[in-house]
Amino acid sequence: MALAEIQTAFSGNPLDRADHLRTDPEIFGDIMGRDDARVVLLAGEGGTSDGRIKAAPGTEARILTGPDGDIAWQKPSKLRFLPVATTIFLGMDDGAPRYGAMLDGKAEDFGDLFEADHAKFRDGRGIAFKLGGPHRCLGMIAQAKSMLLWHESHRFCAKCGHESNLTKAGYERLCPACGASHFPRTDPVVIMLVRAGDRALVGRGKGWPEGHYSALAGYMEPGETMEEAVAREIHEEVGLKTTRVSYKASQP
Ligand SMILES: [Zn+2]
């Protein structure tokens with residue numbers, strides 16, 4: 001399967017992640033000060049507007065987007081006037097540096113600041129629905145949100161409890177007390193469509209809007225393959241025995 005043929009939501013990140021720049025001492029200096037540098041702003045999610053359960057602090061974030069749903073990129077100089085919790089380097093977009101910054105506070109506290117630009121903070125799913133299909137900004141949003149939320153929830157060393165420091169432009173946290181390195185984590189999930197003949201089985205969560213259904217999904221566990229996770233989750237959720245599993249694609 002050619003890479004360009006695989007189009008799942010949040011895939012197709014156009015950035016060159018430029019690993020060699022992550023240790024460049026100017027990554028948050030001269031490179032960030034360039035005229036073509038831009039930053040995507042994120043802020044914590046402070047409640048629910050669409051019936052979903054309120055997220056625990058540091059586990060959800062909203063992204064500053066324009067009226068069309070695309071990222072409302074800002075000049076990094078704007079960060080001087082905002083309370084910033086964490087800044088990371090995302091990569092190069094056709095040679096132009098791109099960053100992500102998590103604001104220290106809830107999205108609703110900053111909304112007024114960007115009204116003149118008609119920009120507002122939206123959640124990732126809302127952006128994907130608004131764009132209505134594959135879009136080059138979605139992979140960058142997935143990258144920025146995953147990385148920045150990881151920093152929010154992993155400030156302290158898991159080995160000794162000391163506060164760790166952001167290094168490698170955001171791709172590592174290093175503990176100054178015990179020397180342990182910590183890397184951004186991803187939590188693998190399987191999403192599967194259960195089929196029997198020409199029928200498909202879908203489910204719905206308590207409290208979902210009327211008429212909303214979804215394919216089944218669940219977290220992978222240590223010591224199992226993706227296919228085994230699919231069979232286990234289907235059995236746990238609906239009690240069915242799986243006879244055959246086929247792989248379709250992956251997504252960020
Ligand atoms: Zn430590």
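When a ligand or atom number is given, it counts from 1 through the structure's own listing order.
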| query | What protein N/O/S atoms lie closer than 2.8 Å to the Zn ion (ligand 1)? | reply | Cys157 SG, Cys160 SG, Cys175 SG, Cys178 SG
| field | Asp187 with Arg185: basic N within carboxylate O range, under 4.0 Å | value | yes
Note, [X] side chain near [Y] side chain (heavy atom, < 4.5 Å):
X: Phe121; Y: Leu64; answer: yes
X: Thr242; Y: Val194; answer: no
X: Ser146; Y: Pro184; answer: no

| remark: Taken in chain and number order and not counting sequence neighbours, the residues that satisfy ring pair (Phe, Tyr, Trp, His ring centres under 6.0 Å) with His162 are none
| field | No-hydrogen, no-angle side-chain donor-acceptor test under 3.5 Å, Ser11 and Gln251 | value | no
